[in-house]
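Report on one structure; see the data block that follows.
One-based numbering, in listed order, for ligands and for the atoms of each.
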Amino acid sequence: MSYTYDDQNIFAKILRGEIPNTTVLETEHSLAFRDLYPQAPTHVLVIPKGPYVCFDHFAQTASDAEIVDYIRAVGEVCKQEGVAEDGWRLISNAGHDGVQEVPHLHVHILAGRVLGRMLAKG
Ligand code: DGP
């Protein structure tokens, strides 16, 4: 699968500073910010700064430095948000069936309440 990155997506605009965001963490290769439509008391999105459509695209083409930075950023956000003790969920939607709305890789960090079963039926 080859991917084409659309640089007009909302997260690309956030990275260029064209749209405001509530930043939680910024590292050399990654940015974490609060989801505009939170689905849990803690709902943070973590994105790489590079132009990657989804996790698969990132895993195939990002540099080792970007991948290490990104994974560590997820861990650092969990630490900062204090969610480790009670638990949390990491989700990354991809493509049509994954119902990905924004075509720039992001993981959702969700926490702060019991989140229920992973998938609703149907
Ligand atoms: P997904 O379905 O995984 O592509 O989720 C995209 C998420 O992005 C969704 O939870 C809402 C969030 N979102 C959409 N637009 C904005 C925005 O302009 N700012 C922020 N902070 N989040 C946004």
Side-chain angles (χ1 to χ4, degrees):
M1 173 81 189
S2 67
Y3 295 98
T4 303
Y5 183 78
D6 170 14
D7 69 4
Q8 293 307 306
N9 77 75
I10 292 165
F11 295 166
K13 292 179 180 178
I14 284 176
L15 285 166
R16 290 195 293 267
E18 295 166 13
I19 293 179
N21 75 92
T22 306
T23 297
V24 169
L25 177 74
E26 180 165 12
T27 65
E28 183 179 1
H29 296 295
S30 309
L31 182 69
F33 53 92
R34 299 208 183 276
D35 195 293
L36 200 55
Y37 310 107
Q39 295 185 44
T42 297
H43 189 167
V44 176
L45 301 171
V46 189
I47 67 174
K49 290 181 177 175
Y52 304 106
V53 174
C54 63
F55 207 98
D56 177 39
H57 188 205
F58 185 65
Q60 285 184 43
T61 58
S63 67
D64 289 359
E66 291 174 293
I67 291 170
V68 168
D69 180 295
Y70 188 61
I71 299 298
R72 290 245 157 84
V74 171
E76 183 58 30
V77 169
C78 290
K79 188 175 155 197
Q80 272 186 216
E81 296 290 311
V83 302
E85 189 168 334
D86 287 341
W88 51 289
R89 182 171 293 161
L90 188 68
I91 296 175
S92 189
N93 299 317
H96 176 270
D97 286 1
V99 195
Q100 180 180 10
E101 292 170 17
V102 181
H104 182 113
L105 169 60
H106 52 284
V107 293
H108 299 251
I109 295 173
L110 296 150
R113 65 170 170 80
V114 176
L115 297 164
R117 295 190 67 83
M118 191 165 68
L119 293 177
K121 286 186 181 162

Out of curiosity, [X] [atom1] to [Y] [atom2], how far, rounded to the nearest 0.5 Å?
X: Phe33; Y: Phe11; atom1: CZ; atom2: CZ; answer: 4.5 Å
X: His106; Y: Phe58; atom1: NE2; atom2: CZ; answer: 14.0 Å
X: Ile109; Y: Arg89; atom1: CD1; atom2: CZ; answer: 13.5 Å
X: Glu18; Y: Ile10; atom1: CD; atom2: CD1; answer: 12.0 Å

Ile10 and ligand 1 - part of the residue with a heavy-atom distance under 4.0 Å: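 Side chain only.
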Region of Arg34 that comes within reach of ligand 1 [heavy atoms, distance under 4.0 Å]: backbone
Sub-4.0 Å heavy-atom contact, [X] with ligand 1:
X: Val102; answer: yes
X: Leu45; answer: yes
X: Lys13; answer: no

Examine [X] against ligand 1 and note whether any of their N/O atoms are separated by less than 3.5 Å.
X: Phe33; answer: no
X: Tyr37; answer: no
X: Ile14; answer: no
X: Val99; answer: yes
X: His43; answer: no
X: Asp35; answer: yes
X: Gln39; answer: no

Protein heavy-atom partner closest to atom 6 (C) of ligand 1 - residue, atom, separation in Å: His106 NE2, 3.6 Å
Check ion pair Glu28-Arg72 (N to O, under 4.0 angstrom): no
Pairs meeting criterion ring-ring contact (aromatic ring centres under 6.0 Å, His included) with involvement of residues 71-101, two or more places apart: none
Side-chain (Tyr52) to main-chain (Ala59) donor-acceptor, under 3.5 angstrom: no
Parallel, tilted or perpendicular: rings of Tyr3 and His57 (30°, 60°):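 Plane angle between 30° and 60°, so tilted.
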